[in-house]
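Chain identifiers are assigned alphabetically (A, B, ...) following the order of the sequence lines, protein sequences preceding nucleic acid strands; residue numbering begins at 1 within each chain. Small disclaimer: the values here were computed from a predicted structure and weren't measured.
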Protein chains: 2
Amino acid sequence: MTSSSAPIKRRDATRTRQLLLDAARHRFASDGYAATTVRDIADDAGVNVALISRYFSSKEGLFEACLTSSVDEMRRTAGGARLDEVAERIVEQLAGIDSDGFPRHLVLLLRSSGDARADEIRVGMLRTFAEKLASLAGWTEGDDELLLRAQVTIAASLGIALLRSNTRLEPLGSAGREDLIGPVTDLITAILRKP
Amino acid sequence: MTSSSAPIKRRDATRTRQLLLDAARHRFASDGYAATTVRDIADDAGVNVALISRYFSSKEGLFEACLTSSVDEMRRTAGGARLDEVAERIVEQLAGIDSDGFPRHLVLLLRSSGDARADEIRVGMLRTFAEKLASLAGWTEGDDELLLRAQVTIAASLGIALLRSNTRLEPLGSAGREDLIGPVTDLITAILRKP
DNA sequence: GTCGGATGTAAACGCCTGTTGACTAATTTC
DNA sequence: GAAATTAGTCAACAGGCGTTTACATCCGAC
């Protein structure tokens, strides 16, 4: 047997980059930017620390990459919903249907690094989402009240995501999709129903 | 004139403690625990760094003190409301009627230091508030659905507070009490109205 | 007035942070 | 298969962190 069960690690820059990105998203989302060290991330990824600087030029750069990759992933999954599907989509994100029940993509949008460029990406994404959501509810440019309501909806959803992920407040902490769909639907329809 | 406009600083431990506490609450709430340094806090308070260790024994200790003092203040202002007043009270906190439009007490409840004891205080407070709110809506022990709805309400409110305070997402960022009262009332009554 | 505890100061401590440069090892190119 | 390019390693760095220690200064009690 030349190499059967050996966990040989072929050198692969793309794969390494991805490992770092995944580990970083976990850490940044759950611990925040400042509390996360590059050594933590590298260890989680099973990769040498210096490679963070090589592939992302800095910790800030890695954070920005996390942000844009999460944003891309959200765009991909959140496109083209009807108003009555919005609650369902949000709950899917909250309950983390794709990963392990941890709404990382959402929580990242609340994590600031203090860096101006990263914050622009973050806030830009929030603004885009808010406008998209407002449009579904019949928004036209200049209607600040409805835009505000869309932003409140997003803020509320992010709050739920954050509280779920950083405290073990029960029953919210371990509520599943079926538990959340009721309250969240009520919340969203109540706010977005045009006054 | 012996001492007219002179800003002489009489030595006063109580006052110094309070200055540190105020500065720390500002910093911890707006930047988070890890991103805040003890030197930042001391400078803001106009006080020597070493006094943090003296009066609060550590940065953790200061954070705990911030938490309990904020919790006390919230208890004082949040006691004995009726269900139909809840939205108004929350909006008052969100709009920061007492201070400068920054809902620090609320945001602190979302800021984790990673320390176990501090997190217990934090989560304990959240639990208490959730139960109090649920009770106003007719909760009796064991009714997990209504408790969940109360927790969702709190999570949503905290999300609004956090988004308001750390992004400049307009119009949410600079919305006043009169702008928020509508959406927030809708939100709260929709979630808490027993299904 | 002076003594003693309380209050504030300054400098240093050891540790951990993000980042870098010189190096080795693997992979691709010809 | 040798050369050249890419991928990964290792150790050190300068700076900032929270904390401590030894010292100056103020203030109230006697």
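- Scored by the salt bridge (charged side-chain N to carboxylate O under 4.0 Å, His left out) test, Arg76(A) finds no partners at all (sequence neighbours excluded).
- As judged by a 4.0 angstrom heavy-atom cut-off over every strand, Tyr55(B) is placed among residues touching the sugar-phosphate backbone only.
- Between the CG atom of Asp43(B) and the P atom of dA10(C) there is a distance of 12 Å, rounded to whole Å.
- Nearest heavy atom pair, residue Leu21(B) against residue Ala65(B), reads CD1-CB, 3.7 Å.
- For Ile41(A) and dG18(C), the CD1 to P distance is 8 Å, given to the nearest whole Å.
- Partners of Ala150(A) according to the side-chain contact (heavy atoms from CB on, under 4.5 Å) rule, which considers only residues two or more places apart in sequence or in another chain, are Leu133(A), Ala134(A), Leu192(A).
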Next on the checklist: Across nucleotides 25-30 of chain C, 5' to 3', mark each nucleotide with B, S or - according to how protein heavy atoms within less than 4.0 Å reach it.
Outcome noted: BSS---
Checklist outcome for this item: Once base and sugar-phosphate atoms are separated, protein heavy atoms under 4.0 Å mark nucleotides 16-22 of chain D, 5' to 3', with B, S and - as -BBBB--
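- Heavy-atom neighbours of Arg15(B) CZ from other residues, nucleotides or ligands within 6.0 Å: at or below the threshold of 12.
- Taking atom CG of Asp12(B) as the reference point, atom P of dG28(D) lies 10 Å away to the nearest angstrom.
- Among residues at least two apart or in separate chains, salt bridge (Lys or Arg N to Asp or Glu O under 4.0 Å) pairs with a member in residues 50-71 of chain A are Glu64(A)-Arg117(A).
- Contacts of Asp84(B) classified as side-chain contact (heavy atoms from CB on, under 4.5 Å), with partners at least two apart in sequence or in another chain: Arg82(B).
- Qualifying salt bridge (charged side-chain N to carboxylate O under 4.0 Å, His left out) partners for Asp144(A), counting only residues two or more places apart in sequence or in other chains: none.
- Not counting sequence neighbours, Asp115(A) has no partner by the salt bridge (charged side-chain N to carboxylate O under 4.0 Å, His left out) test.
- Shown here are the salt bridge (charged side-chain N to carboxylate O under 4.0 Å, His left out) partners of Asp119(B), two or more places apart in sequence or in another chain: Arg122(B).
- In this structure, the CG atom of Leu51(A) is 8 Å from the C1' atom of dT9(D), given to the nearest Å.
- End-to-end axis angle for the helix from dG1(C)-dC30(D) to dC30(C)-dG1(D), using five pairs per end and rounding to 10°, comes out at 10°.
- Take Asp40(A) and apply the side-chain contact (heavy atoms from CB on, under 4.5 Å) test, not counting sequence neighbours, and it matches Arg27(A), Thr37(A).
- For Thr16(B), a side-chain nitrogen or oxygen approaches OP1 or OP2 of dG8(C) to under 4.0 Å.
- For residues 60-88 of chain B, the set of pairs meeting the ring pair (Phe, Tyr, Trp, His ring centres under 6.0 Å) definition, not counting sequence neighbours, comprises Phe28(B)-Phe63(B), Tyr33(B)-Phe63(B).
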